[in-house]
> 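Handing you a structure now.
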Amino acid sequence: MQHIDREMEKGQQRAYRAHYLILPYPDQGHINPMLQFSKLLDHKGVKVTLVTTRFLCNTMPRRIPLETISYGYDEGGRAQAESIDVYLESLKKSGSQTLAELLEKLSSSGLPSCVVDTIYCHVKNGLLKLLVVESEISLPGFPTLKPSDLPSFLYDFRSYLGAYKLVVVDQFPNVDKADWVLCNTFYELEGQAVDWTTKFWPMKTIGPTIPSQYLDKRLEDKDYGFNMFKPKSDVCMKWLNEQPKGSIVYVSFGSRAKIEAEQMEELAFELRSSKRKFLRVIRESEARKVPKGFVEETSAKGFVISWCPQLEVLAHEAVGCFITHCGWNSTLEALGLGVPMVAMPRWTDQNTNAKYIMDVWKIGIRAQVDEKGIVRQEEVEHCVSEILEGERGNEIQKNAIALKELARKAVDEGGSSNKNIDEFIATLVQR
Ligand SMILES: O=c1ccn([C@@H]2O[C@H](COP(=O)(O)OP(=O)(O)O[C@H]3O[C@H](CO)[C@@H](O)[C@H](O)[C@H]3O)[C@@H](O)[C@H]2O)c(=O)[nH]1
């Protein structure tokens, strides 16, 4: 409704035939891609309303009409809940209730988008047993996996019971009723998994959901939109502008990962002793784990920031490689911009993403952990030097550039994802 008003103000009435409610899980790594998808639908002339929590609504851009629901922690969000399990319970209870109220208020039909991880579907179908004991796991649509390549919610499900229940078990009961299951990936990237999943669900790939200016450049859109931690863009980009091409090691672990103090130290030792220059994101909540004096001692060659404009950074020619936790957004962003990765997965889907980065797409190297689960300084040095100076690096860089081109084509006019989105819009509009 707000949208129609806006268009009418501009004197160019649009005839909306379908209204999409977009309801991402209320977190950085989920809101970002759904916001991008919303902008794309909006651009294609579709009426979209984004739904988020009352807690997060003040940090959201108003580019797309926004409605709020409550997950029960309107003042402090997830940090206010005593545990993630308690938060997820409240999400289910208060979230469902306030969403029902919102639907009634809007009194128009919306199709909640649903993001599905194929691997969890194998648990649903009984093909993948919990408490995996085999050293090699063969599943349709996947390369051979080791247990440590599985998402930690499966590999170590006892440690993540709440998340396991929500992400693995509870996401499936009504998925069979969905008209569409949209996935933030592209066919050329994960064709086998897509082919397998489409046997069961009306699954369509629509990604990567990255602003057009970073990929096909057809739309003006460069704005990533939602940033929980306000990036200090100017200083960071000014510093990058002064660095030689391909010289910078960019290090960031996304919006959630908690890094062990020992791991923080190993990384700090490496960045301090290495001859290379670096850009390191250390979120405020992680800053206390950084060894004393690190920032001052490395100021001549390093730039430390609490949150940066990651897409702009990855698109910058000074960046030579990305040490990443392999969150799905970071993976797609690096892949879409052709930046080779050193994979240091922490938990959840990141293990599987790291497996693909190294062994399937061959656009990076997965750093090996020791018996304590820590990637040591020498291992970080080994991976970075392989990528930036080693023979293997040439191959990796070539693959990264080829995949970047495939990502661009997928979202461009006539590309697989672009066609899927048009098909999705067309069928809903016909109803
Ligand atoms: O300084 C920074 C660091 C990150 N980002 C952005 O923050 C997002 C981070 O997303 P992601 O890489 O997916 O990491 P998480 O925030 O950790 O995401 C969670 O959600 C993802 C999507 O489900 C999962 O793949 C991850 O494992 C899970 O931790 C990306 O868009 C980044 O561009 C910035 O803008 N600036």
Side-chain angles (χ1 to χ4, degrees), residues 24-37 56 59 61 78 84 113-120 149-156 160 163 166-168 171 182-185 190 207-211 214-215 222-233 235-237 239-240 248 250-259 278-287 303-316 319 322-337 339 341 343-357 364:
Y25 178 75
D27 212 348
Q28 178 88 35
H30 299 256
I31 295 176
N32 274 354
M34 294 290 249
L35 181 61
Q36 293 312 316
F37 182 53
L56 283 177
T59 61
R78 186 172 135 172
I84 180 72
S113 174
C114 178
V115 183
V116 170
D117 305 303
T118 303
I119 198 156
Y120 295 134
D149 297 328
L150 293 172
S152 50
F153 295 162
L154 300 180
Y155 175 51
D156 187 16
Y160 303 104
L166 185 88
V167 179
V168 187
Q171 77 164 309
L182 305 180
C183 279
N184 184 17
T185 183
E190 298 189 83
T209 55
I210 295 174
Y214 295 101
L215 284 173
K222 199 175 186 177
D223 169 29
Y224 210 58
F226 173 70
N227 260 307
M228 276 197 313
F229 311 97
K230 305 242 182 316
K232 299 183 184 94
S233 317
V235 267
C236 167
M237 297 317 290
W239 182 82
L240 268 185
I248 300 301
Y250 170 53
V251 190
S252 175
F253 296 103
S255 67
R256 281 284 159 214
K258 290 189 180 124
I259 312 292
F278 68 87
L279 170 62
R280 170 89 168 98
V281 175
I282 302 175
R283 296 193 318 274
E284 275 164 25
S285 56
E286 294 286 281
F303 195 96
V304 179
I305 192 164
S306 58
W307 191 253
C308 76
Q310 180 161 300
L311 271 165
E312 262 184 87
V313 166
L314 290 171
H316 200 287
V319 173
F322 179 17
I323 302 185
T324 171
H325 70 314
C326 310
W328 186 235
N329 297 288
S330 294
T331 302
L332 279 183
E333 289 163 14
L335 187 154
L337 289 159
V339 181
M341 288 171 261
M344 282 182 57
R346 318 305 305 164
W347 71 319
T348 168
D349 58 327
Q350 297 155 15
N351 300 332
T352 320
N353 301 340
K355 164 76 182 169
Y356 272 73
I357 288 169

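Worth knowing before you read on, the calculation uses all heavy atoms, side chains too, and leaves out hydrogens, waters and symmetry mates. When a residue number appears, it is its place in the shown sequence, counting from 1. Just so you know, ligand 1 is whichever comes first in the structure, and atom 1 is the first atom listed for that ligand. Worth saying up front: this structure is predicted, and the values here are computed from it rather than measured.
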> Out of all atoms in ligand 1, which are within 4.0 Å of some heavy atom of Trp328? Include the element for each.
13 (O), 24 (C), 25 (O)
> Would you say Asn353 has any N or O atom under 3.5 Å from an N or O of ligand 1, going by distance alone?
no
> Would you name the heavy atoms of Ile210 and Leu332 that are closest together and state the gap between them?
CD1-O, 3.5 Å
> For ligand 1, which part of Gln350 has a heavy atom less than 4.0 Å away: the side chain, the backbone, both, or neither?
side chain
> Give the atoms of ligand 1, by number and element, whose distance to some non-hydrogen atom of Asp349 is under 4.0 Å.
24 (C), 25 (O), 26 (C), 27 (O)
> Less than 4.5 Å apart, any side-chain heavy atom of Ile31 and any of Leu56?
yes
> Could you establish whether Leu311 and ligand 1 come within less than 4.0 Å of each other, counting only heavy atoms on the residue side?
no
> Can you find a pair of side-chain heavy atoms, one from Leu335 and one from Pro208, that are under 4.5 Å apart?
no
> Got Gln310 and Ser330 here, is their nearest side-chain heavy-atom distance under 4.5 Å?
yes
> Specify whether Phe322 and Tyr250 have parallel, tilted or perpendicular ring planes, treating 30° as the upper limit for parallel and 60° as the lower limit for perpendicular.
parallel
> Using a 4.0 Å cutoff against the non-hydrogen atoms of Ser252, which atoms of ligand 1 qualify?
3 (C)
> Where the side chain of Arg346 meets the backbone of Gly327, is there a donor-acceptor pair that is under 3.5 Å apart?
no
> Has Thr348 got a side-chain atom pairing as donor or acceptor with Gln350's backbone, closer than 3.5 angstrom?
no
> Please state which option from Thr324, Asn329, Ile210 has its nearest heavy atom closest to atom 21 (C) of ligand 1.
Asn329
> Check ligand 1 against Gly29 and write out every atom of the ligand that is under 4.0 Å from a heavy-atom position of the residue.
10 (O), 18 (O), 22 (C)
> List ligand 1 atoms under 4.0 Å from Val281, heavy atoms only on the residue side.
1 (O)
> Measure the shortest side-chain to side-chain distance between Cys236 and Leu279 over non-hydrogen atoms and say whether it is less than 4.5 angstrom.
yes
> Does even one non-hydrogen atom of His325 get within less than 4.0 Å of ligand 1?
yes
> Give the numbers and elements of all ligand 1 atoms closer than 4.0 Å to a heavy atom of Thr348.
27 (O)
> Counting only heavy atoms closer than 4.0 Å, does ligand 1 sit against the backbone of Ser255, its side chain, both, or neither?
both
> Determine, using heavy atoms of Ala257 and all atoms of ligand 1, whether some pair is separated by less than 4.0 Å.
no
> My understanding is that we take every heavy atom of each candidate and find the minimum distance to atom 36 (N) of ligand 1. Doing that for Gly327, Ala334, Pro345, Cys308, which one comes out nearest?
Cys308
> Would you say the side-chain atoms of Asp349 pair up with the backbone N or O of Pro151, donor to acceptor, closer than 3.5 Å?
no
